[in-house]
Number of protein chains: 2
Amino acid sequence: MKYRKIPDETIRRLPMYLRAFSLLRTEATETISSRQLAQRLGLNSPQIRKDLSYFGAFGTRGVGYPVEATARRIRQILKLNKVQKAVLIGAGRLGTALVAYPGFSSFNLDIAAVLDNDPKKIGKKIGPIKIENTDRISTLKKRDIRLAILAVPAEAAQKTTENLVKAGIRGILNLSPCHLKPARPVKIIDIDLASQLGILPYYM
Amino acid sequence: MKYRKIPDETIRRLPMYLRAFSLLRTEATETISSRQLAQRLGLNSPQIRKDLSYFGAFGTRGVGYPVEATARRIRQILKLNKVQKAVLIGAGRLGTALVAYPGFSSFNLDIAAVLDNDPKKIGKKIGPIKIENTDRISTLKKRDIRLAILAVPAEAAQKTTENLVKAGIRGILNLSPCHLKPARPVKIIDIDLASQLGILPYYM
DNA sequence: CAATGTGAACAGCTTCACAGCC
DNA sequence: GGCTGTGAAGCTGTTCACATTG
């Protein structure tokens with residue numbers, strides 16, 4: 001396919017595809033058609049074919065997509081073929097739950113540090129990770145941590161963002177219910193749990 | 001405006017607007033222009049005007065939107081003007097964090113029940129709520145609970161969904177990393193935390 | 001024959017530009 | 001003058017239809 005800008009929506013779906021292909025591998029399936037995959041994921045098949053075709057042709061006509069090779073390719077596209085370290089800011093209940101969440105490792109994502117500003121928490125451990133003081137944000141760069149999960153109260157979110165950007169963080173998963181304004185452009189993904197639940201009654 | 005289908009994206013933004021208007025009320029602001037609001041939320045102003053105009057004209061030209069009345073109107077549109085009860089299925093770390101999360105109440109959302117299938121957890125309390133056995137799903141209808149937050153392991157998600165639908169649940173916030181197939185059509189919102197974090201490296 | 005890859009048609013959402021109103 | 005409300009234009013993403021290939 002001649003070059004066309006890759007839609008953000010396509011990127012958003014790639015982790016889903018990757019998870020599906022990883023699962024298929026454990027089922028010892030060698031290939032899968034876009035039709036079958038679509039049914040598993042609740043999409044339709046042209047969607048999947050188009051998404052994958054943005055990155056070149058890696059299916060086989062008449063057969064489908066090779067499970068192992070496609071998984072590897074998606075990992076490469078998403079830069080998940082090597083471990084990506086993330087810092088968690090905010091060791092509250094939500095933050096703590098995330099550190100323990102086993103789902104990150106299958107994407108090669110590693111929560112390598114946890115920071116909080118509550119003196120009572122600092123030094124305590126969550127699983128294998130020791131909670132550090134928030135002022136240690138400045139050490140993230142040399143520790144090769146470029147991703148952050150922001151799970152602090154709304155009041156602290158903006159200030160923390162500024163510090164994260166100064167510390168060389170390149171992407172933020174924002175779980176606090178407010179719009180962040182980074183000094184330099186940084187990819188931010190917002191997840192506002194209460195808002196999402198708040199949408200449901202409309203559709204009842 | 002003559003009738004036009006209301007975009008899902010508009011609905012998705014309404015909780016954000018509602019939160020902003022609620023906050024403005026505490027700041028004793030009486031009106032706000034689409035421009036000012038857009039800046040706070042990181043949107044642009046025609047977006048906000050169009051979104052709100054789908055539900056009728058409730059701003060004042062030359063002035064802006066009345067804070068109190070607009071908040072009330074949005075609450076009404078989203079059916080958040082009365083308390084909406086939700087059940088949490090899965091009292092793991094993530095589930096427990098959600099029950100304690102204070103952000104739901106500002107939308108009139110109330111986690112009124114928590115269910116889990118681990119005998120060791122049943123009977124224990126999370127804050128004021130006692131954990132019940134999962135088989136009590138069947139009691140949700142008569143307890144006027146129509147929303148569910150699904151925070152169970154992937155293996156249990158599909159089966160639980162089927163039971164929820166049977167029990168009259170009308171909307172599901174799905175936190176498990178899999179595609180649910182409800183027997184009857186039910187609004188499902190998927191939040192896959194690991195996938196979202198997995199997107200970030202691509203943009204670095 | 002079965003399934004991919006893809007231009008083209010289509011649908012949905014956002015942005016623009018400006019008329020209308022306070 | 002300032003700001004809303006809105007048709008129209010523009011853009012992005014999805015679906016279709018089918019030529020193409022193993």
Side-chain angles (χ1 to χ4, degrees), chain A residues 1-17 20-21 24 29-71 73-74 77 179 199 202-203, chain B residues 1-17 20-21 24 29-71 73-74 77 179 199 202-203:
Chain A
M1 185 161 71
K2 77 180 183 222
Y3 181 79
R4 293 247 303 280
K5 195 197 170 302
I6 295 158
D8 281 347
E9 292 299 302
T10 293
I11 302 301
R12 218 175 42 73
R13 282 186 292 269
L14 288 184
M16 274 174 57
Y17 298 158
F21 279 104
L24 286 164
T29 311
E30 303 225 325
T31 61
I32 188 167
S33 69
S34 58
R35 176 103 72 102
Q36 292 169 292
L37 186 58
Q39 205 192 353
R40 288 196 178 222
L41 298 177
L43 303 171
N44 53 16
S45 50
Q47 179 75 272
I48 291 175
R49 292 202 299 278
K50 176 137 285 197
D51 281 345
L52 294 178
S53 76
Y54 281 110
F55 306 98
F58 40 108
T60 310
R61 290 169 201 237
V63 180
Y65 296 91
V67 168
E68 167 111 38
T70 308
R73 185 80 181 86
I74 296 175
I77 294 162
H179 172 67
I199 293 165
Y202 175 86
Y203 290 98
Chain B
M1 185 161 70
K2 77 179 180 219
Y3 180 80
R4 292 245 304 278
K5 194 196 170 304
I6 294 158
D8 282 347
E9 291 299 299
T10 293
I11 302 301
R12 219 176 40 75
R13 282 186 292 270
L14 289 183
M16 275 176 56
Y17 297 158
F21 278 104
L24 285 163
T29 311
E30 304 224 324
T31 61
I32 189 166
S33 69
S34 58
R35 175 104 73 102
Q36 292 170 292
L37 186 58
Q39 206 191 354
R40 288 196 179 221
L41 297 178
L43 303 172
N44 54 16
S45 48
Q47 179 76 271
I48 291 175
R49 293 202 297 280
K50 176 137 287 199
D51 281 345
L52 295 179
S53 77
Y54 281 109
F55 307 97
F58 42 107
T60 310
R61 290 170 200 235
V63 180
Y65 295 90
V67 169
E68 168 111 38
T70 308
R73 185 81 180 85
I74 296 175
I77 294 161
H179 171 67
I199 294 166
Y202 176 86
Y203 291 98

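The chains referred to below are lettered A, B, ... by the order of the sequence lines, with proteins before strands, and numbering in each begins at 1. Heavy atoms only: backbone and side chains are in, while hydrogens, waters and symmetry mates are out.
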(request) Ignoring the backbone of S33(B), work out which of dC3(D), dT6(C), dT14(C) is nearest its side chain. (result)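 So the nucleotide nearest the side chain must be dC3(D).
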(message) Does dG5(D) have its OP1 or OP2 closer than 4.0 Å to a side-chain nitrogen or oxygen of Y65(B)?
(response)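 So the side-chain polar atoms of Y65(B) do come within 4.0 Å of the phosphate oxygens OP1 or OP2 of dG5(D), strictly under.
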Inter-residue atom distance [X].[atom1] - [Y].[atom2], 0.5 Å rounding:
X: R13(B); Y: K50(B); atom1: CZ; atom2: NZ; result: 11.5 Å
X: E68(B); Y: E30(B); atom1: CD; atom2: CD; result: 9.0 Å
X: Y17(A); Y: T10(A); atom1: OH; atom2: OG1; result: 7.0 Å
X: I6(A); Y: D51(A); atom1: CD1; atom2: CG; result: 10.0 Å
X: H179(A); Y: Q39(B); atom1: NE2; atom2: CD; result: 9.0 Å
X: I74(A); Y: M16(A); atom1: CD1; atom2: CE; result: 10.5 Å

Figure out the [atom1]/[atom2] separation between [X] and [N], and round it to whole Å.
X: D51(B); N: dG12(C); atom1: CG; atom2: C1'; value: 13 Å
X: I11(A); N: dG13(D); atom1: CD1; atom2: C1'; value: 13 Å
X: L14(A); N: dG13(D); atom1: CG; atom2: P; value: 13 Å
X: L52(B); N: dC3(D); atom1: CG; atom2: P; value: 16 Å
X: L37(A); N: dA3(C); atom1: CG; atom2: C1'; value: 13 Å
X: R4(A); N: dG7(C); atom1: CZ; atom2: P; value: 7 Å
X: Y17(B); N: dT4(D); atom1: OH; atom2: P; value: 12 Å
X: Q47(A); N: dA11(C); atom1: CD; atom2: P; value: 16 Å

(message) On DNA chain D, compare the nucleotides closest to Q36(B) and I6(A); which residue's is nearer the 5' end?
(response)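 Result of the comparison: Q36(B).
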(message) Let me test you: for the helix from dC1(C)-dG22(D) to dC22(C)-dG1(D), what is the angle between the axes at its two ends (five pairs each), rounded to 10 degrees?
(response)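 The two end axes of the helix from dC1(C)-dG22(D) to dC22(C)-dG1(D) meet at 10°.
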(message) I'd like to know whether D8(A) forms a side-chain hydrogen bond (donor to acceptor under 3.5 Å, both in side chains) with Y202(B), so could you lay out the CA-CA distance, the side-chain angles of the two residues, the decisive distance to 0.1 Å, and finally the verdict.
(response) CA-CA 10 Å; D8(A) 281 347; Y202(B) 176 86; over 6 Å; no
(request) Identify the two heavy atoms, one from A71(B) and one from F21(B), that lie closest to each other, and give their separation to 0.1 Å. (result)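 That would be CB-CB, 3.9 Å.
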(request) List the protein contact pattern of nucleotides 16-22 of chain D with one symbol per nucleotide (5' to 3'): B for base contact, S for sugar-phosphate-only contact, - for none; contact means a heavy-atom distance under 4.0 Å. (result) BB-BBBS
So what does [X] touch, heavy atoms closer than 4.0 Å: a base, only the sugar-phosphate, or nothing?
X: S45(A); result: nothing
X: R13(A); result: sugar-phosphate
X: F58(A); result: sugar-phosphate

(request) Would you please say whether a donor-acceptor pair under 3.5 Å links the side chains of R49(A) and S34(A)? (result)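 Short answer, yes.
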